[in-house]
Amino acid sequence: MIKKILRETPRWFLLIWIVVIVTLIINLFIMNMGVNTLVLAVMNVAYAIRNWKKERYLPVLFLLLAVLFIALSLNSFFALPNSN
């Protein structure tokens with residue numbers, strides 16, 4: 001079953017998936033929400049590119065989610081600190 005998945009999945013997608021998972025695991029200890037949302041945006045764009053020829057509805061949804069994640073990450077990176 002794993003060999004079938006590895007044969008059917010493009011190499012570039014596996015590489016992006018591994019980098020995203022490693023980044024999310026490392027970020028569990030750092031707790032930076034902006035990095036999490038940016039990495040999820042990259043993953044959604046990769047899914048959209050991979051599935052563009054097969055389906056149209058899901059890739060468009062993944063691209064919209066990527067835009068949402070990028071907007072949230074930019075908001076997180078450039079948010080003003082609380083001055084209490």
Side-chain angles (χ1 to χ4, degrees):
M1 183 171 135
I2 293 175
K3 288 182 183 180
K4 181 181 177 186
I5 292 172
L6 290 176
R7 263 188 278 128
E8 294 177 0
T9 306
R11 301 280 186 238
W12 63 269
F13 184 76
L14 284 175
L15 180 66
I16 290 174
W17 189 82
I18 290 169
V19 169
V20 166
I21 295 301
V22 168
T23 305
L24 288 174
I25 290 171
I26 291 171
N27 205 21
L28 281 173
F29 303 107
I30 299 172
M31 297 291 206
N32 189 348
M33 193 62 147
V35 172
N36 278 345
T37 53
L38 194 60
V39 169
L40 290 174
V42 169
M43 192 68 202
N44 279 322
V45 170
Y47 272 127
I49 292 170
R50 180 179 171 217
N51 292 330
W52 188 258
K53 290 182 181 179
K54 295 177 188 174
E55 302 176 21
R56 294 285 188 209
Y57 177 72
L58 281 177
V60 170
L61 181 66
F62 282 132
L63 289 174
L64 288 175
L65 282 173
V67 169
L68 175 70
F69 286 140
I70 289 171
L72 288 173
S73 67
L74 289 176
N75 187 24
S76 174
F77 282 136
F78 297 116
L80 296 174
N82 292 336
S83 58
N84 290 337

I'd like to know if Val45 and Val19 are part of one continuous hydrophobic network [Ile/Leu/Val/Met/Phe/Trp/Tyr, side-chain heavy atoms within less than 4.5 Å].
no

Any side-chain heavy atom of Trp12 sitting closer than 4.5 Å to one from Arg50?
yes

Anything under 30° is parallel, anything over 60° is perpendicular, the rest tilted; go ahead and classify Tyr47 against Phe62.
parallel

Going by the side chain to side chain contact (heavy atoms under 4.5 Å, CB included) test, name the single residue among Ile18, Leu24, Thr23 that passes it with Val20.
Leu24

With a 4.5 Å cut-off on side-chain heavy atoms, are Leu63 and Asn44 touching?
no

So, do Val60 and Trp52 sit near enough that their side-chain heavy atoms are less than 4.5 Å apart?
yes

Between Leu28 and Trp17, is there shared hydrophobic-cluster membership here, with clusters defined by ILVMFWY side-chain heavy atoms closer than 4.5 Å?
no

Heavy atoms from other residues, nucleotides or ligands near CZ of Arg11 exceed 12 (cutoff 6.0 Å):
no

Does one hydrophobic cluster hold both Phe69 and Leu61, with members joined at side-chain heavy-atom distances below 4.5 Å?
yes

Nearest atoms (heavy-atom pairs only) where Asn51 meets Pro59:
O-CG, 3.4 Å

Output for pair (Ile49 CD1, Ile16 CD1), nearest 0.5 Å, gives 7.0 Å

Check whether Val22 and Ile30 end up in the same hydrophobic cluster, where Ile, Leu, Val, Met, Phe, Trp and Tyr are linked by side-chain heavy atoms less than 4.5 Å apart.
yes

Could you grab the distance from atom OG1 of Thr37 to atom CG of Leu65, nearest 0.5 Å is fine?
12.5 Å

Is there a path of hydrophobic side-chain contacts, each under 4.5 Å between heavy atoms of I/L/V/M/F/W/Y residues, joining Ile21 to Val39?
yes

Can you tell me how far CG of Asn27 sits from CG of Asn36, rounded to the nearest 0.5 angstrom?
4.0 Å

